There are 2 protein chains.
Amino acid sequence: MQHGDVIRRLQEFETICRNRGVPITVQRRTILETLLRRHDHPTAEQIYESVKDHIPQLSRTTVYRVLDAFAELGLVRRLDHTGSARFDGNVRRHHHLVCTRCTRIIDLEDQRLDRLPLPHRTIEGFEVDDFSIHFSGTCADCRERKE
Amino acid sequence: MQHGDVIRRLQEFETICRNRGVPITVQRRTILETLLRRHDHPTAEQIYESVKDHIPQLSRTTVYRVLDAFAELGLVRRLDHTGSARFDGNVRRHHHLVCTRCTRIIDLEDQRLDRLPLPHRTIEGFEVDDFSIHFSGTCADCRERKE
DNA sequence: CTCCGTGCAAAAGGTTTGCACTGGT
DNA sequence: ACCAGTGCAAACCTTTTGCACGGAG
C-alpha cells in the first residue's frame, strides 16, 4: 500500500470510530498503521512484535482484541479462520460457501467455475497447481434466524 | 458422496498405501471412511467423536496424525490452514496465492478475476456477499529451494 | 465523572511431541 | 522379527476471559 493510501485509510479509521463513538487510542492507531504498511498478512504475534517497538508496555491481549474489533468494523480482513482445522474428503476441484455467521462450510460443485484459466508461473514466479473459490455470505439458517 | 464412491475411494486408499509401503490399520480405514461419509467438513475433534464409537480406545493423537498423513498422501484436503490467524489490511476484493510449502500468502489483484458473476441466493438459500479465489501452488523461493 | 479499553495472569482450546508398546507386513 | 503406527501424558502455541486500573470522551 502506498504512503498516501495509508494516510487515507487512517483518516477513514478515525471517521468510522468517531461516528460509532469508539475511542481512538494510541494502540489502535499504531496497530492499524502497522498492518496497513505490511503486505505479508501477518499473524497477531507478528503485529505484536512490530508494535511493541513503539509501545513497549503493549499487551498481546490488546493486539488480539483490537484486531478483532477492526475485523468487526470491516477495517481489516481475517484470513484463515481461527479455531480448528477442517478436513474435506473431496479432493476434486470444488468451491466453498462459507457462512460468516456460523462458519459452516458448504461444498459447491460448478463446472463453469472450474474453468478459470490457471495462471502458469506468470505471477512473481509462483507456480499455480489448483484453485478454489471461497464465497462468503450468510447461509439459509442464519438468514432465517436474522429476519 | 454415494456409497459406491466411498467403496471406490477406500480401495484407492489401500492401493496407495500398499504402493508406498504404508501399513493399513483399522484406525486409518475407519477414519477415512468416516470422513468420506460426512459432507460437513468436520474438525479432527468431530472425527474423533465419530470414530470413537467404533474404536473406543482410539486416541485423539492418532486422529491428528492420521489426518495429517492423509493430507500428505493427497487423500483428503485440509481447509482453514492450521496455526494462527492472519490479517489483511486490504479490504477490497482481491485474491491470494498460497504456497503449500511455506504457507506464505501473496496478494493477487486482477480485475478479470474480480468479474466472476456473484450467485444470488441460488444455492441452497445461501446469500453470497463476496468471494475470493485461493490459488495454491509453490512460490518462487520454494521452487528454487526444491530444484 | 463515567465507561470502556488496556494490561496482567490464568484458563481454555487445538495441536504436537516423547516414550513405551502393539500390531501390520 | 522389524518397523511404523498407536496410546497416553505432557508440552506447546494461539486465543479467550476475569478482574482491576487508567485514560478517553
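Every value quoted in this text rests on a predicted model; they were computed, and no experiment measured them.
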Between [X] ([atom1]) and [N] ([atom2]), how many Å, whole number?
{"X": "E72(A)", "N": "dG5(C)", "atom1": "CD", "atom2": "P", "answer": "13 Å"}
{"X": "R20(A)", "N": "dC3(C)", "atom1": "CZ", "atom2": "C1'", "answer": "19 Å"}
{"X": "Q57(A)", "N": "dA20(D)", "atom1": "CD", "atom2": "P", "answer": "22 Å"}
{"X": "I47(A)", "N": "dT15(D)", "atom1": "CD1", "atom2": "C1'", "answer": "14 Å"}
{"X": "I55(B)", "N": "dT22(C)", "atom1": "CD1", "atom2": "P", "answer": "18 Å"}
{"X": "R29(B)", "N": "dT25(C)", "atom1": "CZ", "atom2": "C1'", "answer": "13 Å"}
{"X": "I24(B)", "N": "dT25(C)", "atom1": "CD1", "atom2": "C1'", "answer": "10 Å"}
{"X": "Y48(A)", "N": "dC13(D)", "atom1": "OH", "atom2": "P", "answer": "15 Å"}

Under-4.0 Å side-chain N/O to phosphate OP1/OP2 contact, T25(A) with dG23(D)
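Result: no.
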Does dG7(C) have its OP1 or OP2 closer than 4.0 Å to a side-chain nitrogen or oxygen of Q27(A)?
yes
Working note: D107(B) + H96(B), criterion side chain to side chain donor-acceptor pair (under 3.5 Å); need CA distance, chi angles, decisive distance, verdict.
CA-CA 5 Å; D107(B) 278 332; H96(B) 292 115; 3.2 Å; yes
Five pairs at each end of the helix from dC1(C)-dG25(D) to dT25(C)-dA1(D): take the axis at both ends and give me the angle between them to 10°.
40°
Please figure out whether P23(B) or R60(B) has its closest DNA chain C nucleotide nearer the 5' end.
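Here R60(B) is the residue nearer the 5' end.
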Could you state the interatomic distance from CZ (R101(B)) to OG1 (T103(B)), rounded to the nearest 0.5 Å?
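That separation rounds to 13.0 Å.
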Mark yes or no for whether T15(B), through its side chain, and Q11(B), through its backbone, hold a donor-acceptor pair below 3.5 Å.
yes
Okay, side chain of R28(B), backbone of V66(B): is any donor-acceptor separation there less than 3.5 Å?
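No.
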Of all the choices, dG5(C), dT6(D), dT15(D), which nucleotide is nearest to the side chain of R28(A) once you look at every atom?
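In terms of side-chain proximity for R28(A), the closest of dG5(C), dT6(D), dT15(D) is dG5(C).
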So, for V91(A) and R77(B), which heavy atoms are closest and what is the spacing to 0.1 Å?
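In this case the closest contact between V91(A) and R77(B) is O-NH2, 2.9 Å.
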Between R18(A) and R86(B), which has a closest nucleotide on DNA chain D that is more 5'?
R86(B)
Are the aromatic rings of Y64(A) and Y48(A) close, with centres under 6.0 Å apart?
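Centroid distance Y64(A)-Y48(A): not below 6.0 Å, so no.
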Heavy atoms of other groups near H39(A) NE2, more than 12 under 6.0 Å
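Atom NE2 in H39(A) is crowded, with more than 12 foreign heavy atoms closer than 6.0 Å.
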Is a donor from one side chain sitting under 3.5 angstrom from an acceptor on the other, for D114(A) and H94(A)?
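Result is no, nothing qualifies.
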Audit row: S50(B), R38(B), side chain to side chain donor-acceptor pair (under 3.5 Å) steps and yes/no:
CA-CA 10 Å; S50(B) 289; R38(B) 295 181 65 146; 3.0 Å; yes
Residue-level proximity of residues 61-70 of chain A to DNA chain D when a heavy atom falls under 4.0 Å:
T61(A), Y64(A), R65(A)
